[in-house]
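This report concerns only the one structure given below.
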Number of protein chains: 2
Amino acid sequence: MSDHNHMHADPEAALARAERVCRERGARFTSQRRRVYELIVCAGEPVTAYELLHRMGGDGGHPAPPTVYRALDFLQAHGLVHRLASQSRFVACDHPETGAHGGVFLVCDRCGRALEWQDERVARAVARSAREAGFELGDEVLPEVEGTCGDCRRG
Amino acid sequence: MSDHNHMHADPEAALARAERVCRERGARFTSQRRRVYELIVCAGEPVTAYELLHRMGGDGGHPAPPTVYRALDFLQAHGLVHRLASQSRFVACDHPETGAHGGVFLVCDRCGRALEWQDERVARAVARSAREAGFELGDEVLPEVEGTCGDCRRG
DNA sequence: CAAAAGACGATATAACATAACATTCTACGC
DNA sequence: GCGTAGAATGTTATGTTATATCGTCTTTTG
Ligand SMILES: [Zn+2]
Ligand SMILES: [Zn+2]
Ligand SMILES: [Zn+2]
Ligand SMILES: [Zn+2]
């Protein structure tokens with residue numbers, strides 16, 4: 001019923017997968033976009049746009065905000081990353097090859113990590129609720145809820 | 001199963017109800033808090049903190065941001081208003097007397113209005129999903145999803 | 001009344017995000 | 001290869017959302 005979920009996947013594999021996804025869609029996985037995606041994947045946890053920005057520095061300084069926000073817009077549009085509105089942070093999608101991201105984001109209020117937990121039942125319950133309320137759901141429906149993860153509870 | 005939901009409730013009734021809720025909890029419903037709450041209730045739709053701020057003006061000018069954010073913190077803590085993270089806006093709760101706010105926020109991407117749709121099934125599905133993932137859910141669990149409301153689809 | 005806690009005012013700044021326009025790069029037809 | 005159109009990026013400036021900090025005033029409580 002509930003899908004197993006792997007975090008901290010191999011960054012190389014994630015990059016290769018992202019490249020393939022973009023090629024299949026005729027989208028350009030440029031160096032900037034690749035760089036931002038790599039930083040998000042390697043972070044392994046939700047990161048802010050400005051954290052990415054500062055990590056993009058190196059030579060003389062970091063780029064301007066629009067640079068990273070544009071890359072993020074692209075990556076979101078292609079389902080490679082998600083924006084966690086409750087945190088104003090961005091996180092890599094666990095399964096960018098599938099079009100659907102049904103389920104729920106479980107955001108830990110202690111360590112800040114987010115689990116993209118796929119669960120058909122949640123997706124169906126939300127869809128049903130929306131229908132009954134006369135709402136037509138949008139494409140990117142990924143509810144976020146707060147709580148404490150197992151690691152943090154156990155100490 | 002799904003609860004009927006009334007928006008645009010009588011502001012006077014809402015204020016009286018809020019006052020009662022605070023009194024029962026030993027919390028002080030001060031004039032600032034009352035003012036902010038009234039503005040949110042009367043708005044009838046999600047509003048930003050700065051919209052509230054500017055509407056609080058009148059005599060010589062509006063107060064400083066901390067004033068409204070402090071009132072909002074209080075109102076949120078007592079379940080009188082909710083923050084919609086996906087919009088960075090605040091909206092009055094439909095049923096502040098009950099401790100639980102289980103269900104889902106249906107946020108319209110056209111008119112911007114938000115429906116606090118109570119639905120036990122969504123609440124249960126999310127709770128079950130969290131449990132299976134080893135998460136302990138927090139108190140204020142109100143997932144938000146985007147879509148188009150019935151009025152906007154028909155109109 | 002005195003002490004303690006809570007609420008509020010005021011200033012400054014941090015953090016998040018986009019508008020607008022110039023420039024460079026890339027793909028594509030010729 | 002060359003010209004062109006569209007996409008991507010650079011650059012500057014600004015808009016929007018939220019918090020830190022400290023001093024003062026008010027309410028509660030003993
Ligand atoms: Zn996803
Ligand atoms: Zn945790
Ligand atoms: Zn509520
Ligand atoms: Zn609508």
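Below, chain A is the first sequence line, B the second, and so on; all start at residue 1.
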With 3.5 Å as the limit, what N/O pairs link the protein to nucleotides 23-28 of chain C?
none

- Task: Could you tell me whether B:Arg33 contacts a base, only the sugar-phosphate backbone, or nothing, with contacts defined as non-hydrogen atoms closer than 4.0 Å?
- Result: sugar-phosphate
- Message: I'd like to check the ring pair (Phe, Tyr, Trp, His ring centres under 6.0 Å) partners of B:Phe29; sequence neighbours left out, ordered by chain and number.
- Response: none
- Item | B:Glu144 side chain to B:Ala85 backbone, donor-acceptor under 3.5 Å | yes
- side chain to side chain contact (heavy atoms under 4.5 Å, CB included) assessment of B:Leu75 paired with B:Val36: CA-CA 9 Å; B:Leu75 296 170; B:Val36 170; 3.9 Å; yes
- Query: Nearest heavy-atom pair of A:Gly103 and A:Ala123: which atoms, and what distance?
  - Reply: N-CB, 4.3 Å
- Task: Kindly say whether A:Met56 contributes a backbone atom to a donor-acceptor pair with the side chain of A:Arg35 at under 3.5 angstrom?
- Result: yes
- Task: Quick one: closest heavy-atom pair of A:Pro96 and A:Tyr37, and the distance?
- Result: CG-OH, 4.5 Å
- Message: Applying salt bridge (Lys or Arg N to Asp or Glu O under 4.0 Å), can you list everything that pairs with A:Arg128, at least two apart in sequence or on another chain?
- Response: A:Glu132
- Task: Test side chain to side chain contact (heavy atoms under 4.5 Å, CB included) on A:Leu84 and A:Val91 and set out the steps.
- Result: CA-CA 7 Å; A:Leu84 289 176; A:Val91 66; 4.3 Å; yes
- Overall bend - the helix from C:dC1-D:dG30 to C:dC30-D:dG1, comparing terminal axes fitted on five pairs, nearest 10 degrees: 40°
- Side-chain heavy atoms of A:His62 within contact of A:Val68, under 4.5 Å: no
- Note on the structure: The single option from B:Val104, B:Asp94, B:Leu106 that satisfies side-chain contact (heavy atoms from CB on, under 4.5 Å) with B:Leu115 is B:Leu106
- Message: A:Asp109: which residues meet the salt bridge (Lys or Arg N to Asp or Glu O under 4.0 Å) condition with it, sequence neighbours left out?
- Response: none
- Not counting sequence neighbours, which residues clear ring pair (Phe, Tyr, Trp, His ring centres under 6.0 Å) with B:His78? List them please. B:Phe74
- Query: Any salt bridge (charged side-chain N to carboxylate O under 4.0 Å, His left out) pairs touching residues 79-92 of chain B, not counting sequence neighbours?
  - Reply: B:Glu51-B:Arg89
- Query: For A:Ile40 and A:Leu72, what are the C-alpha separation, side-chain angles and deciding distance, and is it a side chain to side chain contact (heavy atoms under 4.5 Å, CB included)?
  - Reply: CA-CA 10 Å; A:Ile40 295 174; A:Leu72 289 168; 3.7 Å; yes
- Message: Please give me every residue in residues 63-75 of chain B whose heavy atoms get under 4.0 Å of an atom in DNA chain D, ordered by residue number.
- Response: B:Pro65, B:Pro66, B:Tyr69
- How would you list, by chain and number, every residue that makes a salt bridge (Lys or Arg N to Asp or Glu O under 4.0 Å) with A:Arg110, sequence neighbours excluded? none
- Query: Any donor and acceptor pair, going by atom type alone, linking the side chain of B:Arg33 with main-chain N or O of B:Arg28 inside 3.5 Å?
  - Reply: yes
- Query: Along DNA chain D, 5' to 3', what are the outermost nucleotides having an atom less than 4.0 Å from a heavy atom of chain A?
  - Reply: D:dA8 to D:dT12
- Note on the structure: Expected list for residues 77-88 of chain B near DNA chain D, using heavy atoms below 4.0 Å, is B:Arg83, B:Ser88
- Is there a side chain to side chain contact (heavy atoms under 4.5 Å, CB included) between B:Val47 and B:Leu39 once you walk through the steps? CA-CA 9 Å; B:Val47 287; B:Leu39 285 170; over 6 Å; no
- Message: Near DNA chain D, counting only heavy atoms under 4.0 Å, which residues of residues 47-55 of chain B show up?
- Response: B:Thr48, B:Tyr50
